[in-house]
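Here the structure comes first, spelled out in structure tokens, and everything after it is commentary.
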Protein chains: 2
Amino acid sequence: MTSPVIIRLQQQGSLSQAGAEAFLACRDRNRLVDAGHTLMQQGEPMRSVFCLESGWAIRHRSLANGRRQILNLLLPGDICDLQVAVDTPADHSVTTITPVMLSEFNPGRLADTIASHADFASALLWSAVQEEGILREHIVRIGRRAAKVRLAHLLLELVRRQALGGGHTDGRIEAPLTRELLADCLGLTPVHISRTLSALRKDGLVSLAGRGRLQIDDIAALARLADYDTRYLHLTQPDHALDTALSEAS
Amino acid sequence: MTSPVIIRLQQQGSLSQAGAEAFLACRDRNRLVDAGHTLMQQGEPMRSVFCLESGWAIRHRSLANGRRQILNLLLPGDICDLQVAVDTPADHSVTTITPVMLSEFNPGRLADTIASHADFASALLWSAVQEEGILREHIVRIGRRAAKVRLAHLLLELVRRQALGGGHTDGRIEAPLTRELLADCLGLTPVHISRTLSALRKDGLVSLAGRGRLQIDDIAALARLADYDTRYLHLTQPDHALDTALSEAS
DNA sequence: CGCAGACTTGAAAATACTCAATAAATGTGG
DNA sequence: CCACATTTATTGAGTATTTTCAAGTCTGCG
């Protein structure tokens, strides 16, 4: 019954039972959409506020020359889009990459809840700060890291963020991360992702078990290679099992 | 007397005289700092909310291997940091690159003003959405554009953003944009920036007039080269002189 | 004038891309 | 459950882009 969003927001530390319940009461409805469904289209007005109960999606922007850049991956527990109040057209699209269970929120009720529940408002602010931190880290990753490090770093982020929403903590990533998707995320080509991933595999750091099943075998070694530092996630409870493994990078 | 911040927020469209005055009343003090001064240090707590009255600064993150990535440039009128309410350490630093006149705000009074002036709150939200749009565009620029296009695109953004805060609209950029700074911004090396910039110069698109004086000579041609689309800035008044020049890219 | 920092230029090396062909995995309909 | 079509992944060879290293030049300033 506990939603991934609640699990995620609770990790900020101050969300009360009452705040969580008030938040959940803002839900209009749940909706199951297919993989490949467009939730928001670049150039069109931003409609609703929703979050992912299950499944993965991407924020991405398409260029005139046909190339695509993925700006961020959306995992269960992620919230999309508090910026709805600004009535300019969206500057990017959001598309599901697996079947996704959405919960849609009533913007008016949400605004009321923010105003009346300070603990919820503060958890939501933390969530926004975390999302911006993730965006900034993505810039660093693409701008100043070599392909192998870049990929390793992204995989570690996905594992850690999956845990944030209450998902697997065993290093498994279950999402259809095709080479093309990883390439569009990291500013590389699918061919180079393929080569880089098999280099990581040869080093015994990750393994593949069929489509969309990626397994991180040696998380500490991968974190060392990736120079991975979770600070950008603004975690407030540094006692998570994954974080101890990640900080063995010293 | 009109601050660049007010000029910028007014471009959202709904800020009233009363809202602007209430905002300005939140200022604690103005402070002049040297170039090279650190306003916020990665790893340390985020202290105050401030904005730039004049001068330029950078948000940047340093890596363990000594490399640096600039996340964003801060221009007059830009606001830094509404995330102060989250009490986790900063994930990046902010450093001035010219002498800067800061105005510092009282967080408590600012919160009150947001609560009591809906027009100001909405302008501030717009500002945050714009900043996120700029971050996302930076990801696209670094991830999916070639060096020449990348540089052209950044220069156009700087010219347009300079105008947002009430600065020059003639294509001049007056800031010490060293090759190294542009390189750390765009994920390239200073040497390559040097070569790329001289290619733009040879094409008659930009010219240099000494240290820190960059002049865009043919803004429409540069916008065409850069595939420049201002949508990510979420402008609400598309009648600006610069925007007509920029949209001649079709 | 002379220094220091920033810029330019060339040549060689590294990294990532493109093209193309093959192989593997997934999904579909009989 | 199998055969086929489709998408995705791998691999090799050649190319393009960007980096690195190094030497030399320019510029602003005390």
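All chains are named by letter (A, B, ...) in the order of the sequence lines, taking the proteins before the strands, and each is independently numbered beginning at 1. Quantities reported herein were computed from a predicted structural model and do not represent experimental measurements.
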Contacting residues from residues 56-73 of chain A, given that a heavy atom lies under 4.0 angstrom of DNA chain D = none
Just jot down the salt bridge (Lys or Arg N to Asp or Glu O under 4.0 Å) partners of B:Glu180, sequence neighbours excluded, or say none.
-> none
Of the non-hydrogen atoms in B:Leu52 and B:Leu74, which two are nearest, and what is the gap between them?
-> CD2-O, 3.5 Å
All side chain to side chain donor-acceptor pair (under 3.5 Å) counterparts of A:Thr98, not counting sequence neighbours = none
Count the heavy atoms of every other residue, nucleotide or ligand shown that sit under 6.0 Å from CZ of A:Arg31, and state whether that count exceeds 12.
-> yes
Listing, residues 193-205 of chain A side-chain donor-acceptor contacts under 3.5 Å, not counting sequence neighbours, or none:
from, atom 1, to, atom 2, distance (Å)
A:Thr196, OG1, A:His192, O, 2.6
A:Ser198, OG, A:Ser194, O, 3.3
A:Ser198, OG, A:Arg195, O, 3.0
A:Asp203, OD2, A:Lys148, NZ, 2.7

So OG1 of B:Thr169 and CG of B:Asp243: to nearest 0.5 Å the spacing works out to 11.0 Å
If you walk 5' to 3' along DNA chain D, what is the first nucleotide with an atom under 4.0 Å of a heavy atom in chain A, and what is the last?
-> D:dT8 to D:dA13
Could you run down the sub-3.5 Å N/O contacts of the protein with nucleotides 13-15 of chain C?
none

Minimal non-hydrogen separation, B:Ala226 against B:Ala152, with atom names = CB-CB, 3.8 Å
Under 3.5 Å, is there a donor-acceptor pair between the A:His60 and A:Arg68 side chains?
-> no
Does a sphere of radius 6.0 Å around CG in A:Asp34 hold more than 12 heavy atoms from other residues, nucleotides or ligands, not counting ones at 6.0 Å or beyond?
-> no
Output yes when a side-chain donor or acceptor of A:Arg144 lies under 3.5 Å from a complementary backbone atom of B:Gln69, and no otherwise.
-> no
With B:Thr96 via side chain to side chain donor-acceptor pair (under 3.5 Å) - residues at least two apart = none
Evaluate the side-chain proximity of B:Ser127 to B:Arg8: yes if any heavy-atom separation is below 4.5 Å, no if none is.
-> yes
Across all chains, not counting sequence neighbours, the salt bridge (Lys or Arg N to Asp or Glu O under 4.0 Å) partners of A:Arg179 are none
Pairs where residues 161-170 of chain B contributes a residue and the test salt bridge (Lys or Arg N to Asp or Glu O under 4.0 Å) is met, not counting sequence neighbours = B:Asp78-B:Arg161, B:Glu157-B:Arg161, B:Asp170-B:Arg172
Mind listing the side-chain donor-acceptor pairs of residues 39-50 of chain A below 3.5 Å, one per line with the distance, residues two or more places apart or on another chain?
from, atom 1, to, atom 2, distance (Å)
A:Gln42, OE1, A:Ser62, N, 3.1
A:Gln42, NE2, A:Ser62, O, 3.1
A:Arg47, NH2, A:Leu39, O, 3.3

Could you list, one pair per line, each protein nitrogen or oxygen that sits under 3.5 Å from a nitrogen or oxygen of nucleotides 4-10 of chain C, together with the distance?
from, atom 1, to, atom 2, distance (Å)
C:dA6, O3', B:Arg211, NH1, 3.1
C:dC7, OP2, B:Arg179, N, 3.0
C:dT8, OP1, B:Arg201, NH2, 3.0
C:dT8, OP2, B:Arg179, NE, 3.0
C:dT8, OP2, B:Arg179, NH2, 3.4
C:dT8, OP2, B:Ser194, OG, 2.8
C:dG10, N7, B:Arg195, NH1, 3.2
C:dG10, O6, B:Arg195, NH2, 3.2

Double-helix bend of the helix from C:dC1-D:dG30 to C:dG30-D:dC1, axes at both ends from 5 pairs, round to 10°, gives 40°
